[in-house]
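Here is the structure we will look at, set down as structure tokens.
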Amino acid sequence: MKKLSMDELGRVTPEEYKKQGKNPVVLVLDNIRSMHNVGSAFRTCDAFNVEKLYLCGITATPPQKEIAKTALGATESVDWEYEEDVTTLVEKLKAEGYAIILVEQTDGSVMLQDFDFTRYSKVALVVGNEVFGVSDGLLPICDAAVEIPQYGTKHSLNVAVATGIVLWEAVLQLAIRDV
């Protein structure tokens, strides 16, 4: 066994990435405080070939040094947009046929391993603020909430970690296979 070199990985260029088909998933960042978490979301969206990343509320937008540090160039490959009001954005996405799935602990959330993303043709995943979670106004208009099972003493994961876990599961179930 040996590590693969960058050449051996066979990665597409940013230009090729922008032209290839995307998975039917968008990610919405709702009032994310940390620019490092924002940069990580860009990089994760690139890795999982999502359609678009939406930055809402207080979430910082590129160009920012702290975002670039963790994004490692993904701000150039991932299609993104800023929308001040997350509720306005979510209502627009819902009208475009996206199922709105909150990543949040609620009295009605479904454990991630039990959630069937294939019931939907297009999914908008919403992750919320590091302290307060998703905006309360989204609860009555979402289609579902998913929760990541946890077995320790803490009741939450870092936003970047949670985003990666949930995007992985969504893309695993919904991925286009011929990019």
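Please read all numbers here as calculations on a predicted model, not as lab measurements. Sequence positions, counted from 1, serve as the residue numbers for this chain.
- Rounding to the nearest 0.5 Å gives a distance of 10.0 Å between CG of N158 and CD1 of I165.
- With rounding to the nearest 0.5 Å, the separation of CD in E169 from CD1 in I148 is 10.5 Å.
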Take D114 and M111 through the side chain to side chain contact (heavy atoms under 4.5 Å, CB included) test and state the conclusion after the steps. CA-CA 5 Å; D114 298 326; M111 289 298 165; 3.7 Å; yes
Run the numbers on I100 and I141 for side chain to side chain contact (heavy atoms under 4.5 Å, CB included), then give the verdict. CA-CA 8 Å; I100 309 303; I141 60 174; over 6 Å; no
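- Linking ILVMFWY side-chain heavy atoms closer than 4.5 Å, directly or via other members, places L29 and L72 in two distinct hydrophobic clusters.
- Residues C142 and V90 are not in side-chain contact: their nearest non-hydrogen atoms beyond the backbone lie 4.5 Å or more apart.
- Taken from CD in Q105 to OG in S156, the straight-line distance is 7.0 Å, to the nearest 0.5 Å.
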Show your working on side chain to side chain contact (heavy atoms under 4.5 Å, CB included) between L27 and Y54 and close with a plain yes or no. CA-CA 6 Å; L27 178 65; Y54 291 94; over 6 Å; no
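- For the pair E104 (side chain) and G128 (backbone), a donor-acceptor distance under 3.5 Å is absent.
- For the pair Q113 and P149, the tightest heavy-atom approach, listed with the atom from each and the gap, is OE1-CG, 2.9 Å.
- Around NZ of K69, the count of heavy atoms belonging to other residues, nucleotides or ligands within 6.0 Å does not exceed 12.
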For side chain to side chain contact (heavy atoms under 4.5 Å, CB included), just list the numbers for E84 and C56, CA-CA rounded to whole Å, side-chain angles, deciding distance to a tenth of an Å, and then say yes or no. CA-CA 5 Å; E84 185 174 351; C56 299; over 6 Å; no
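- Nearest heavy-atom pair across T118 and L174 is CA-CD2, 3.9 Å.
- With contacts defined as side-chain heavy-atom distances shorter than 4.5 Å, the pair Y98/V26 qualifies.
- Counting heavy atoms from C-beta on, the side chains of F48 and V25 never come closer than 4.5 Å.
- Not counting sequence neighbours, the partners of E8 by the salt bridge (charged side-chain N to carboxylate O under 4.0 Å, His left out) test are K2.
- No side-chain heavy atom of V171 sits under 4.5 Å from any side-chain heavy atom of N49.
- Note that CZ of R119 is 10.0 Å distant from CD of Q173, once rounded to the nearest 0.5 Å.
- M35 is connected to V159 through a chain of hydrophobic side-chain contacts under 4.5 Å among Ile, Leu, Val, Met, Phe, Trp and Tyr, so both are in one cluster.
- T70 approaches R43 most closely through the heavy-atom pair O-CD, 3.1 Å.
- Remark: the backbone N or O of H36 is not paired with any side-chain donor or acceptor of S40 at under 3.5 angstrom.
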With salt bridge (Lys or Arg N to Asp or Glu O under 4.0 Å) as the test, would you mind laying out the steps for D79 and K22 before giving the verdict? CA-CA 11 Å; D79 192 17; K22 299 288 184 266; over 6 Å; no
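- The shortest distance between side-chain heavy atoms of N129 and I58 falls below 4.5 Å.
- Note on Y17 and F42: same hydrophobic cluster, where clusters join Ile, Leu, Val, Met, Phe, Trp and Tyr whose side-chain heavy atoms are under 4.5 Å apart, directly or indirectly.
- Under a 3.5 Å cut-off, the side chain of K122 and the backbone N or O of E96 do form a donor-acceptor pair.
- More than 12 heavy atoms of other residues, nucleotides or ligands lie within 6.0 Å of CG in D116, so this atom counts as buried by the packing criterion.
- Note: L53 CG to W80 CH2 = 9.0 Å, rounded to the nearest 0.5 Å.
- Atom CD of E81 is surrounded by more than 12 heavy atoms from other residues, nucleotides or ligands within 6.0 Å.
- Put simply, the side chain of V38 reaches to within 4.5 Å of the side chain of T59, judged on heavy atoms.
- Of all the heavy atoms in L167 and C45, the pair that sits closest is CD1-SG, 4.4 Å.
- Hydrophobic clustering of Ile, Leu, Val, Met, Phe, Trp and Tyr side chains at less than 4.5 Å, counting indirect connections, keeps I32 apart from L89.
- Taken together through direct or relayed side-chain contacts under 4.5 Å among Ile, Leu, Val, Met, Phe, Trp and Tyr, V161 and F132 form parts of separate hydrophobic clusters.
- Contact between E51 and N23 at its shortest, heavy atoms only, is CG-O, 3.1 Å.
- Under the side-chain contact (heavy atoms from CB on, under 4.5 Å) criterion, S135 pairs with D30, N31, V86, L138, sequence neighbours left out.
- The minimum heavy-atom distance linking S109 with E147 is given by the pair OG-OE1, 2.6 Å.
- Remark: side-chain polar atoms of E130 are paired, donor with acceptor, to backbone N or O of R33 under 3.5 angstrom.
- Among pairs with a residue in residues 101-121, those fulfilling ring pair (Phe, Tyr, Trp, His ring centres under 6.0 Å) read F115-F117, at least two apart in sequence or across chains.
- Of the inter-residue distances, the one linking L102 atom CG with D143 atom CG reads 9.0 Å to the nearest 0.5 angstrom.
- Within the 4.5 Å cutoff, side-chain heavy atoms of L93 are placed close to those of V28.
- Counting only N and O atoms by type, the side chains of Q20 and E16 include no donor and acceptor under 3.5 Å apart.
- Atom OH of Y82 sits in a crowded spot, with more than 12 heavy atoms from other residues, nucleotides or ligands closer than 6.0 Å.
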